[in-house]
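Report on the structure given below.
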Amino acid sequence: MFQSIFVAVLLGSSLVLGTPLNTTFTGRACGTTITQEKLVKAEAHFQAQLSSGIHVEAIQAATIPVYFHVISKDSTAAGGNLPDSQIASQISVLNQDYSGSGLTFSLAGTTRTVNSQWFNTVGPSSSLQTTMKRQLRQGGANALNVYTVGFASGIDAGLLGYATFPSDYSDDPTDDGVVILFSSLPGGSTTNYNLGRTLTHEAGHWVGLYHTFQGGCGSTGDQVSDTPPEASPASGCPVGRDTCSGGGVDPIHNYMDYSYDSCMTEFTAGQVARVQSQLRTYRGISV
């Protein structure tokens, strides 16, 4: 039912990261440093909140305002200056993919910043992302801030994207949001990852979901009972893949796996229930 595991309340901000993406990139990847011990503690904390009925005070509607922050190295589309039409297409993809969750995403504003340093080197390991977010982030806990960058150089070069979890917000509100590769939006130039599912996936973390392969073949897995256990992330669209005995074939079509964009088609009922509980508890959103 409403099981979730989030670390930031106990441990500070947590990031979900995408791995290097270039012309030879063959698979989506997202990494986390959360240990099993920390997950157990976070789950216990969240369950305690559920039992006590604790949630943020103001209950917001289930329409999530989305603020797009377009970071580019110059004024061209190739340099990251996304056209409004591409942003609108991305919002449509979000609403399509989350249509069964009770959530609606609505574009609340777009900022455009030409800053080659941010575009090229912003990443979770860079202090630049802190500066960028402090200058640009808008809205409260219920607002999804999306930053599009190039991940072109530095130690974070080639990232596909990263996100914060709902429980991160109270510790560091300005860090809250999702950072993604600009060319992963619908119609972008990143082969196999240009249908907008990168934001669907990263927003999945922002609303409270873990990867489908969290915990491997262990009994608790991603803490959602109706996602079959999966030993490792999928790549491409390997229909019939089954890495864990029992529970069914791997959920390669789930938005929280690592499959190609074209292979991703679903959230489960259990994931939806978890999202609703996480949002009510940490973001004050009533679904």
Side-chain angles (χ1 to χ4, degrees), residues 3-7 14-21 25-34 36 39 90 93-101 103 158-166 178-181 184-186 188 190-275 278:
Q3 292 182 320
S4 302
I5 40 181
F6 295 95
V7 177
S14 302
L15 294 175
V16 178
L17 315 179
T19 55
L21 181 65
F25 184 69
T26 58
R28 184 190 309 276
C30 235
T32 180
T33 59
I34 298 174
Q36 183 62 28
L39 289 179
Q90 179 66 83
V93 169
L94 278 180
N95 281 316
Q96 172 187 322
D97 295 347
Y98 284 85
S99 61
S101 70
L103 298 174
L159 291 179
L160 183 57
Y162 62 96
T164 57
F165 293 114
V178 168
V179 184
I180 60 172
L181 184 69
S184 70
L185 268 69
T190 304
T191 304
N192 296 320
Y193 305 95
N194 58 359
L195 300 179
R197 270 33 188 278
T198 291
L199 183 54
T200 298
H201 177 98
E202 299 301 344
H205 296 302
W206 186 84
V207 297
L209 296 176
Y210 271 90
H211 296 124
T212 52
F213 49 85
Q214 177 70 39
C217 296
S219 59
T220 56
D222 65 350
Q223 308 299 308
V224 177
S225 61
D226 62 356
T227 54
E230 186 176 25
S232 59
S235 179
C237 194
V239 176
R241 181 178 189 255
D242 191 359
T243 57
C244 297
S245 60
V249 297
D250 293 354
I252 66 165
H253 299 297
N254 198 282
Y255 294 121
M256 301 314 294
D257 205 344
Y258 285 2
S259 308
Y260 287 168
D261 276 18
S262 59
C263 191
M264 292 180 160
T265 59
E266 64 182 12
F267 289 116
T268 68
Q271 286 176 315
V272 168
R274 184 178 173 194
V275 164
Q278 277 285 308

Regarding S232 and R241, is there a side-chain donor-to-acceptor distance under 3.5 Å anywhere?
-> yes
With a 3.5 Å cut-off and no angle check, do the side chains of N254 and Q271 form a donor-acceptor pair?
-> yes
Is any side-chain heavy atom of [Y] closer than 4.5 Å to one of [X]?
X: Q278; Y: V207; value: no
X: C237; Y: H253; value: yes
X: D257; Y: E230; value: yes
X: Y98; Y: T200; value: yes
X: F267; Y: R274; value: no
X: V239; Y: I252; value: yes
X: L160; Y: T198; value: yes
X: L181; Y: T190; value: yes

State the [atom1]-[atom2] distance between [X] and [Y], to the nearest 0.5 angstrom.
X: H205; Y: F165; atom1: NE2; atom2: CZ; result: 6.0 Å
X: I180; Y: Y162; atom1: CD1; atom2: OH; result: 11.5 Å
X: N194; Y: L185; atom1: CG; atom2: CG; result: 10.0 Å
X: T268; Y: M256; atom1: OG1; atom2: CE; result: 11.0 Å
X: S184; Y: Q90; atom1: OG; atom2: CD; result: 6.5 Å
X: N192; Y: C263; atom1: CG; atom2: SG; result: 10.5 Å

Work out which heavy atom in [X] is nearest to a heavy atom in [Y]; give both atom names and the distance.
X: V93; Y: L195; result: CG2-O, 3.7 Å
X: D222; Y: T212; result: OD2-CA, 3.8 Å
X: P228; Y: G248; result: CB-O, 4.0 Å
X: P238; Y: S235; result: CD-O, 3.3 Å
X: G247; Y: P229; result: CA-CD, 4.1 Å
X: G270; Y: D226; result: N-OD2, 2.8 Å

Would you find a donor on one side and an acceptor on the other, under 3.5 Å apart, between the side chain of Y193 and the backbone of Y260?
-> no
